[in-house]
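Accompanying notes for the structure given below.
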Amino acid sequence: MTCGVIPGKSSKRKKAEKDETVSTKPKYVRVNALKKTVEEAIEAFTDEGWHLIRHSDKNDYNGFIEKVAALKGGEFMVDMHVPSLLIFPPRTHFYNHPAYKNGTVILQDKASCLPVHLLAPPPGSTVLDMCAAPGMKTTQLAAALANQGVVYAVERDTKRVGILKHIVGSSEATCVKVINKDVLDCAKKDFPGAEYILVDPSCSGSGMTERSTEAENKDLARLEKLAGFQILILRSALTRYPDAKRVAYSTCSLHPEENEEVVRQVLETNYNFKLVDAKKLLNSAWNSFGSSDYGEMGEFCLYARPDEDLTNGFFVAIFERLEEGEQNKFLNNRISNFKKHLHAADKRKERRLEGKENKETAKSKRGNKNNKEKSVPEDEPNNVEEIENNHIVEDEQEHGLNDNIEFEESVCEKGAKKKKKKKLTENDVECQETVNGCDEIENTVAEKVDKKNKTGKVSSNNDATNDNITIKKKSNKNKHKNATKLEESTEDNPKNDATLENDNPVGENKTKKKKLKHSTESKDDFSIEATLGDNENTKKVKSKKKKRKSCSEVNELIDISKNDKTLESNDNTSEENKPKKKKHKRFSEVNELIDISKNDKTLESNDNTTEENKPKKKKDNILSEVNELIDTSKDDKTLESNDNTTEENKPKKKKHKRFSEVNELIDISKNDKTLESNDNTSEENKPKKKKHNILSEDNEFIEDLKNDEPLDSTEENKPKKKKHKRFSEVNELIDMSKNDKTVESNDNTTEENKPKKKKHNVLSEDNEFIEDLKNDEPLDSTEKNKPKKNKHKRCSENSESIVDLKNEEPLESYDNVTEENTTKKKKRKDCSEASEMNIIKDSQLKKKKRKHCSEVGESLETSENPDAIEFTQKSKKKKKMTSEKGDLQLDD
Ligand SMILES: C[S@@+](CC[C@H](N)C(=O)[O-])C[C@H]1O[C@@H](n2cnc3c(N)ncnc32)[C@H](O)[C@@H]1O
């Protein structure tokens with residue numbers, strides 16, 4: 001036997017040996033299968049005079065431990081779990097043994113062998129060792145692969161990379177690729193096809209028997225920092241590598257803070273992996289598992305404990321990618337958190353409804369609400385921030401190295417140097433989670449949309465190829481008379497494409513009186529399509545003499561900056577009618593923001609509602625706006641959609657004007673992914689006795705998810721002999737700067753009912769509000785009810801010309817279409833105006849038009865300025881003239 005104490009040892013080695021002299025822990029030697037089989041090694045040791053103690057019962061772990069504990073000098077055993085592991089009595093030294101010197105055996109504690117043993121990558125597979133140095137497990141991985149396949153061995157510390165390379169070289173692990181990098185700075189392409197991942201990060205090392213006192217003296221602050229990093233790196237392993245089948249997380253710590261707690265925090269937010277019961281993997285031949293404080297989750301984790309297992313203290317958790325139909329049953333807390341958000345949304349809605357009863361306090365309530373919503377919810381975990389703040393890395397000395405390699409424990413200074421980089425990397429990790437969360441939301445919403453489509457209540461037109469945003473509005477008769485529902489589904493848009501569709505099927509409005517449809521398409525693969533009907537937006541008109549008029553405007557501006565994406569949408573509309581004896585009130589907005597960001601989820605919604613017009617005997621109901629924001633982070637995609645519809649009932653000789661505005665600003669900077677959708681709908685009913693209903697719902701889709709009910713719609717248009725008017729409009733302006741592309745589209749439609757003579761006009765217009773503003777008049781699109789024998793034709797559609805213009809000029813497009821019916825008996829007059837896209841172009845030809853556009857801009861800018869009213873009044877006088885001008889321009 002050649003084992004023994006080596007002369008001329010360093011002080012460090014002397015210390016290690018001194019420790020061993022008091023250790024009762026056996027000495028473990030892993031046979032390097034790349035050089036020798038276990039049988040060959042056993043034979044060699046036997047030849048040296050060592051006596052093999054056998055343990056044949058593979059299920060008798062306690063009997064095995066007894067035998068190990070009873071090993072005497074000159075005896076050795078084969079481990080019952082790790083077949084390549086040989087066990088020698090305590091205080092056996094191999095420093096001078098030829099097998100150790102030539103790399104045939106590697107001194108590695110049994111506990112340290114368990115992670116790779118449980119990870120069990122088969123030969124030929126691709127393995128990622130995220131924290132490789134000094135390389136004990138790396139070489140074990142290479143042996144498991146039989147050098148067939150590849151092991152990416154990543155080590156951040158340059159000094160330790162040298163040791164890693166030495167050990168890898170001496171063990172003839174030819175399949176290992178050593179990479180001196182921070183693994184968190186690496187991308188999946190750096191380790192193509194990584195199937196098995198070992199996460200063996202720096203830890204407190206409390207499991208090292210020689211440091212057993214540390215286990216009793218917890219440095220909680222240090223543990224917190226370490227746990228932050230451990231969570232980060234484990235989460236990275238579970239989210240960043242799509243081909244990963246199995247992941248092993250291990251530490252040589254006995255602190256739950258670095259073990260079960262890390263597993264819990266990562267697992268609760270992971271949709272793709274499950275925790276494997278380690279006991280099963282070891283055929284129940286093991287005794288030490290995680291804390292029952294963590295329930296089954298803890299029990300699935302494995303501990304190696306010095307006292308019970310005669311090893312170093314160690315922790316191992318094995319994760320496996322979910323099969324189809326499988327679920328991560330430890331995801332519960334995340335769902336719980338989501339439910340809390342839903343509950344919070346309910347409360348906001350209640351507050352909003354309450355606030356509407358008191359108009360005077362509505363604004364202040366809104367302000368408070370916005371503030372609240374912008375604050376981080378209490379139930380949001382703080383891990384990410386903790387990780388960011390505490391991203392320090394402490395190198396941990398691998399226990400096996402105490403025996404044969406001299407290296408110092410060092411604190412990696414690169415951690416501090418790369419702090420900025422790491423912060424970005426964390427964002428990447430978080431971003432992955434957002435995708436998951438939003439995918440789920442999107443999928444659920446998509447299901448709702450499917451249901452609606454199946455019922456035939458929703459039709460959709462989609463000009464986009466694969467990617468789209470769909471917004472559908474329906475009224476909800478179950479909850480509120482004047483409720484409007486919004487559905488929104490989003491899908492990733494790899495080319496910054498977006499399609500917005502607003503579909504309000506005309507439904508059974510009996511006579512198919514109204515249809516508004518327009519579509520715009522931009523050059524930069526951005527298309528917006530809106531189909532507006534009146535079936536889904538409910539209206540009640542109880543007075544025969546009432547006319548309904550609606551007008552709405554939307555103006556949006558979205559700015560998505562390249563490295564710091566911010567979405568802004570501003571919508572300002574101003575318009576006022578001052579009928580003789582009517583009173584008019586302005587209506588404002590509710591802005592909501594829901595931010596679910598901490599665990600990679602962000603959801604924002606803005607909702608604007610308020611305001612009522614109460615003419616003497618008339619009542620206005622302005623109903624609802626829904627604004628939703630979904631942030632999907634995948635591949636830096638940003639989608640935004642805005643949809644606004646408004647409606648008004650007009651009393652007979654009264655004039656009514658309605659104004660709505662939406663202003664949104666959403667800044668989602670993390671990882672450059674933002675999706676925003678705004679949807680605003682309004683509706684007004686004017687019952688006889690001044691009843692007033694305002695309903696607004698935001699995040700309706702969340703509501704539906706919560707109630708697990710299909711979105712429903714109501715329709716309450718039942719005026720006996722009433723005339724119905726409907727109006728809707730969509731205006732979108734989207735600026736995408738990422739690819740230096742700006743797309744702007746404005747779309748507006750209006751409608752009017754002209755009751756007395758049952759005339760009906762269907763009008764579809766783009767940017768009607770612009771046109772109307774230009775004319776200093778309320779937006780209108782008229783629609784008249786036709787008498788039975790009257791025929792109705794559609795007159796103007798500019799969508800084609802609009803599309804053409806857009807295709808020519810990517811930056812801006814203004815589309816205007818107008819149509820009017822002015823005669824009592826089946827005469828129709830149609831006006832349509834085509835748009836102008838580049839303000840600079842055709843200055844001469846569009847001189848008048850440009851002037852109008854300028855006025856529009858002014859009016860928008862001064863929407864909160866009293867002067868705007870004056871402007872409006874002045875411009876009203878020019879209405880007819882302007883309209884004529886428009887005709888002339890079109891003719892030109
Ligand atoms: C516990 S040791 C790994 C022991 C190794 N698995 C073995 O069996 O020999 C942790 C190692 O991870 C390295 N490390 C820590 N953070 C890292 C990071 N972000 N990227 C790469 N390596 C890292 C440390 O420098 C240290 O060498």
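Sequence positions, counted from 1, serve as the residue numbers for this chain. Just so you know, ligand 1 is whichever comes first in the structure, and atom 1 is the first atom listed for that ligand.
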What do you reckon, does [X] have a nitrogen or oxygen under 3.5 Å from a nitrogen or oxygen of ligand 1?
X: Pro201; result: no
X: Cys131; result: yes
X: Asp129; result: no
X: Asp157; result: no
X: Leu198; result: no
X: Met136; result: yes
X: Ser112; result: no

**Request:** With rounding to the nearest 0.5 Å, note down the distance linking CG in Asp129 to CD in Glu155.
**Result:**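 One gets 9.0 Å once the value is rounded to the nearest 0.5 Å.
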Atoms in ligand 1 with a heavy atom of [X] nearer than 4.0 Å:
X: Ala132; answer: 5 (C), 6 (N), 7 (C), 9 (O)
X: Gly135; answer: 7 (C), 9 (O)
X: Ser202; answer: 10 (C), 15 (C), 24 (C)
X: Asp182; answer: 18 (C), 19 (N), 20 (N)

**Prompt:** Who gets closest to atom 10 (C) of ligand 1 by heavy atom: Leu184, Asp200, Leu232?
**Reply:**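 Shortest heavy-atom distance from atom 10 (C) of ligand 1: Asp200.
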**Asked** Of Gln140, Lys181, Glu155, Arg156, which has the heavy atom at the shortest distance from atom 13 (C) of ligand 1?
**Response**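 Closest candidate by heavy-atom distance is Glu155.
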**Asked** Between Thr251 and Glu258, does any side-chain donor sit less than 3.5 Å from a side-chain acceptor?
**Response**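 Side-chain D/A pair, Thr251 to Glu258: absent.
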**Message:** Quiz question: by atom type and distance under 3.5 Å, do the side chains of Asn272 and Thr239 form a donor-acceptor pair?
**Reply:**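 No donor-acceptor contact under 3.5 Å links the two side chains.
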**Request:** Name the orientation class of the two ring planes belonging to Phe94 and His97 (parallel below 30°, tilted from 30 to 60°, perpendicular beyond 60°).
**Result:**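 Phe94 and His97: tilted rings.
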**Request:** Would you please indicate yes or no on a ring centroid separation below 6.0 angstrom for Tyr294 and Phe300?
**Result:**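 Centroid separation for Phe300 and Tyr294: 6.0 Å or greater.
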**Message:** Between His255 and Phe315, is the ring centroid distance below 6.0 Å?
**Reply:**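 No - the distance between ring centres of His255 and Phe315 does not fall below the 6.0 Å cut-off.
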**Asked** Which pairs with one or both residues in residues 105-159 pass ring pair (Phe, Tyr, Trp, His ring centres under 6.0 Å), sequence neighbours excluded?
**Response**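 Every pair satisfying ring pair (Phe, Tyr, Trp, His ring centres under 6.0 Å) with a residue in residues 105-159: Tyr152-Phe191.
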**Message:** With a sphere of 6.0 Å drawn around NZ of Lys67, does it hold more than 12 non-hydrogen atoms of other residues, nucleotides or ligands?
**Reply:**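 Count over threshold, so yes.
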**Message:** With a cutoff of 4.0 Å, is Met130 in contact with ligand 1, counting heavy atoms of the residue only?
**Reply:**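 Flag set, Met130 near ligand 1.
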**Asked** Applying a strict 4.0 Å limit to heavy atoms, is Gln108 in contact with ligand 1?
**Response**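 Not so, Gln108 does not reach ligand 1.
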**Message:** Do the side chains of Asp185 and Arg156 get close enough for a salt bridge, i.e. N-O under 4.0 angstrom?
**Reply:**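 No salt bridge links Asp185 with Arg156.
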**Message:** Looking at Glu260 and Arg264, is any side-chain nitrogen of the basic one under 4.0 Å from a carboxylate oxygen of the acidic one?
**Reply:**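 Judged by the 4.0 Å cut-off on N to carboxylate O distance, Arg264 and Glu260 do not form a salt bridge.
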**Proximity of Cys203 to ligand 1 by residue part, where a heavy atom lies under 4.0 Å** =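 No part of Cys203 comes within reach of ligand 1.
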**Prompt:** Heavy-atom contacts under 4.0 Å between Arg160 and ligand 1: side chain, backbone, both, or neither?
**Reply:**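 Within the 4.0 Å criterion, Arg160 contacts ligand 1 through side-chain atoms alone.
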**Prompt:** Is there a side-chain hydrogen bond (donor to acceptor under 3.5 Å, both in side chains) between Asn102 and Thr104 once you walk through the steps?
**Reply:** CA-CA 6 Å; Asn102 65 25; Thr104 302; 2.5 Å; yes
